Amino acid sequence: MKRRRVRPTSPAIRLRGYRYGDRRSGRKMLFCSCCSGCMRWLGNGPKGKYFSGREVTNKSHRRSKICSNYVISPLLSKRPSDGRRQTIQNDMKKRIEISAILANPQLDTEVTVMGWVRAFRNNRFIALNDGSTQNNLQIVADNEQFAEELLRKISFHACIAVTGQLTASLGSGQAVEIQASHIEILGECNPESYPLQPKRQTMEFLRSKAHFRPRTSTFSAVFRIRHAIAFAIHKYYNDRGFYYLHSPIITGSDAEGAGEMFRVTTLDVENLPRTEAGEIDWKEDFFGRSANLTVSGQLQAEIGALALGKVYTFGPTFRAENSNTPRHLAEFWMIEPEMAFCDIYGNMDLAEDFCKYLIRYVLDNCYDDVAALDARLKEEEKSLPADKRRPMGLEEQLRFVLDNDFERITYTDAIRILQNSKPYKKGQFEFPVEWGKDLQAEHERFLVEKEFKKPVIVRNYPKVFKAFYMRLNDPEPGVPGDTVAAMDVLFPGIGEVIGGSQREERYDVLRSRIHDMGIHEEELWWYLELRKFGGAPHAGFGLGFERMVQFITGMSNIRDVIPFPRTPKSAEF
RNA sequence: GCCUCAGUAGCUCAGUCGGUUAGAGCGGCGGACUGUUAAUCCGUAGGUCCAAGGUUCAAGUCCUUGCUGAGGCGCCA
């Protein structure tokens with residue numbers, strides 16, 4: 001069948017759709033064209049060359065066959081002439097988003113807006129928010145013009161539709177407002193039983209009301225910014241020639257070396273199949289083997305990089321660790337770029353440029369949201385003693401990161417700096433500082449927040465506490481032991497945002513590392529073969545998406561930057 | 001997983017050495033208010049003091065266990 005766009009058959013009826021001709025019957029069939037995926041059937045046309053839009057459209061409309069996105073002809077959207085009240089259905093097509101009104105206000109025109117009531121002051125002024133922007137639009141409701149019954153229903157977070165003239169505001173807090181001529185309650189919100197209130201509420205409380213918290217100013221700002229960062233990530237890599245590679249969410253490998261995993265099974269847990277030896281028989285399971293949720297897409301990303309050159313993954317990641325901190329989630333999103341023909345230095349360059357790009361993108365595109373979060377933090381910190389307050393405001397902090405180069409040091413440098421530090425000499429560190437021991441949070445925090453006062457990239461860690469796939473460095477004078485080309489990007493407040501490395505591309509070296517760490521070689525046969533056949537030097541890193549959102553929004557708990565957080569003992573919503 | 005703290009009205013919290021009828025602010029409800037910006041003013045209702053057990057003449061308060069939450073640490077992104 002040939003797909004062909006249908007032209008309007010008459011000026012009055014603008015019909016949009018794709019027409020398929022059936023050769024055998026000669027009938028024409030019309031399908032919706034609201035989007036490339038929509039195949040909603042709108043009706044059969046009559047035989048013959050011409051297609052009657054009116055007939056089909058009217059018939060389809062009566063039978064509710066038209067896709068909701070389908071552009072209705074002017075004929076249908078015209079208001080009924082018999083004076084019947086216009087329906088919401090028609091209003092919705094006229095609805096303008098508040099962001100559009102505020103960006104480009106057409107004064108003295110009639111507009112229709114829909115959204116949720118943030119405040120109803122003086123029985124006259126409604127602050128309306130529809131989620132399209134941080135800013136509310138003020139609705140002026142002349143209370144003699146509206147029934148008391150209606151006004152009573154304009155309560156906190158009730159959903160309403162308002163039509164009226166857009167005018168310059170007489171008040172001082174806003175530039176424009178709507179003089180309401182028509183108000184409709186789309187969804188009542190009984191304040192006696194609705195859990196949220198027009199007042200400050202704690203993050204803990206709002207977390208327990210995850211189905212309503214996006215309506216608050218703080219969370220809507222966070223989720224708009226979260227979206228912007230996600231979008232910017234794709235844009236960043238796409239613009240630089242990376243390919244988005246979908247790494248699997250279910251994995252059969254448990255040798256990824258990144259923590260405890262969630263098991264995926266269809267076996268009856270009440271009655272597990274056993275082998276003769278009495279062990280659980282995973283051959284009976286859905287995949288014919290033991291399977292888990294992924295803890296990293298890195299190993300698969302390496303497959304991509306060694307064919308497509310530059311790839312990135314961006315997907316959910318699962319860690320079944322009992323981590324009870326404001327920086328950990330059991331389900332989080334991770335971005336893992338992987339580049340062939342790249343070493344640890346190129347890796348660091350990408351990491352720094354990438355972080356800065358995301359921050360800049362948010363400042364350029366979500367300034368109102370950042371400003372609102374900044375103001376909120378400042379307000380919140382007023383009640384804290386001076387030494388507990390953040391050294392910088394949110395926006396100031398973001399600009400500071402943009403304006404300064406990240407400090408780049410080796411692990412060996414870091415140990416030396418720490419051993420010469422005041423807290424070390426005064427014995428204020430809880431954990432020992434010596435070459436060969438991993439840096440603890442208190443050490444990282446000292447480097448980032450006290451010594452350098454900006455993001456720090458630490459590289460070349462001892463191989464003993466790093467993963468098997470990291471590239472072994474040549475021995476260096478002044479370095480007491482073997483190191484690998486690993487790097488961590490440390491940010492103020494949240495610690496490690498990025499962990500990455502140059503990968504071990506030498507088959508023999510990798511194989512002996514796998515053996516040393518007690519990993520079964522058979523699990524990683526394909527990973528080893530990547531080195532055996534057409535291998536290349538390559539590098540990459542993992543960036544914790546929520547940690548970046550946390551840094552950019554200034555939220556102190558990671559559970560408040562993901563819509564539905566999953567943490568130990570918590571998977572509501 | 002370890003350590004610390006918390007759980008009292010719808011929300012945020014106070015409640016002294018174990019002692020009479022458990023309080024406040026905000027929010028809700030009723031009323032007033034035609035230029036408000038967390039509006040304001042007057043009035044009013046609202047409690048299984050997390051749960052179970054224990055000590056005591058007497059427990060919101062002390063003890064034990066459990067549950068939940070937060071913070072710190074570890075693991076990491």
Side-chain angles (χ1 to χ4, degrees), chain A residues 118-127 135-146 148 152 155-156 167 169-174 177 179 189-209 216-217 256-260 295-298 316-336 351 375-376 379 383 388 429-431 438-442 444-445 465-467 488-491 494-500 541-551 556-560 562 567-570 572:
Chain A
R118 285 274 174 87
F120 189 23
R121 289 184 288 267
N122 212 357
N123 220 5
R124 184 172 169 81
F125 302 101
I126 304 166
N135 302 303
N136 301 331
L137 182 61
Q138 174 151 292
I139 312 294
V140 183
D142 189 338
N143 54 14
E144 284 179 10
Q145 200 189 320
F146 297 99
E148 207 173 296
R152 203 185 301 276
S155 57
F156 182 63
T167 62
S169 177
L170 298 175
S172 56
Q174 55 284 317
E177 61 194 15
Q179 303 291 333
C189 191
N190 181 354
E192 266 185 286
S193 43
Y194 185 60
L196 302 197
Q197 294 166 7
K199 53 169 283 192
R200 290 210 173 282
Q201 316 220 56
T202 60
M203 291 296 123
E204 291 86 348
F205 174 73
L206 291 170
R207 216 171 286 151
S208 71
K209 311 280 177 253
T216 65
S217 163
E256 297 190 36
E260 297 296 311
V295 292
S296 164
Q298 180 204 315
T317 312
F318 308 87
R319 304 265 166 97
E321 258 140 23
N322 197 5
S323 301
N324 295 295
T325 84
R327 299 178 303 280
H328 289 87
L329 291 165
E331 178 183 286
F332 64 101
W333 288 63
M334 190 155 62
I335 301 99
E336 293 173 294
R376 182 191 148 267
E379 186 64 32
S383 60
K388 291 252 173 95
F429 286 134
E430 190 189 337
F431 291 89
D438 203 358
L439 298 179
Q440 301 296 315
E442 58 178 358
E444 294 179 348
R445 198 167 299 142
F465 55 78
K466 286 291 181 184
D488 284 353
V489 180
L490 311 173
F491 266 42
I494 45 173
E496 190 179 340
V497 172
I498 285 178
F541 60 78
L543 178 137
F545 180 58
E546 281 78 11
R547 288 197 181 163
M548 185 51 90
V549 180
Q550 225 187 321
F551 180 74
S556 53
N557 195 313
I558 201 166
R559 295 161 209 183
D560 299 327
I562 187 167
T567 54
K569 302 272 180 285
S570 170
E572 189 79 62

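In the text below, chain A, chain B and the rest are named by the order of the sequence lines, each starting its count at 1. These numbers were taken from a predicted model, which means no experiment stands behind them.
Taking atom CG of residue A:Leu490 and atom P of nucleotide B:C76, one finds them 14 Å apart after rounding to whole Å. Whole-Å rounding puts the A:His328 NE2 to B:C76 P distance at 8 Å. Regarding A:Phe541, its CZ atom lies at a distance of 13 Å from the P atom of B:A77, rounded to whole Å. Counting to the nearest Å, the P atom of B:G1 and the NZ atom of A:Lys569 are 6 Å from each other. Whole-Å rounding puts the A:Leu329 CG to B:C75 C1' distance at 14 Å. Between the P atom of B:C75 and the CD atom of A:Glu442 lies a distance of 11 Å, rounded to the nearest Å. Across the protein-nucleic acid pair, A:Glu204 atom CD and B:C50 atom C1' stand 16 Å apart, rounded to whole Å.
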How does each nucleotide of nucleotides 3-8 of chain B score, in 5' to 3' order, for protein heavy atoms under 4.0 Å: base (B), sugar-phosphate only (S), or none (-)? ------

Classify every nucleotide of nucleotides 24-44 of chain B by which part a protein heavy atom approaches to under 4.0 Å, writing B for the base, S for the sugar-phosphate alone and - for neither, in 5'-to-3' order. -BBSSSS--BBBBB-B-----

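Syn is the glycosidic conformation of B:C17, whose angle stays within 90° of 0.
Residue A:Arg207 is classed as a sugar-phosphate contact, given heavy-atom separations below 4.0 Å to backbone atoms only. A:Thr202 comes within 4.0 angstrom of the backbone, heavy atoms only, and of no base. Within the 4.0 angstrom heavy-atom criterion, only backbone atoms of the sugar-phosphate kind lie near A:Ala441; the bases stay farther away. A:Arg376 comes within 4.0 angstrom of no nucleic acid atom, judged by non-hydrogen atoms across all strands. A:Phe332 comes within contact range of at least one nucleobase, with a heavy-atom separation under 4.0 Å. Heavy atoms of A:Asn324 sit under 4.0 angstrom from at least one base atom.
Side-chain contact between A:Phe332 and A:Arg319 is present, with heavy atoms from C-beta onward closer than 4.5 Å. Residues A:Leu329 and A:Thr567 are in side-chain contact: their nearest non-hydrogen atoms beyond the backbone lie under 4.5 Å apart.
Distances shorter than 4.0 Å separate none of the side-chain N or O atoms of A:Arg327 from OP1 or OP2 on B:G74. The phosphate of B:C76 has neither OP1 nor OP2 within less than 4.0 Å of any side-chain N or O from A:Ser323.
Looking at which nucleotide of RNA chain B each of A:Arg559 and A:Arg319 is closest to, the 5′-most match is held by A:Arg559.
B:A77 has no stacking from A:Phe545 on its base ring, since the centres under 5.5 angstrom apart and planes within 30 degrees of parallel are not both found.
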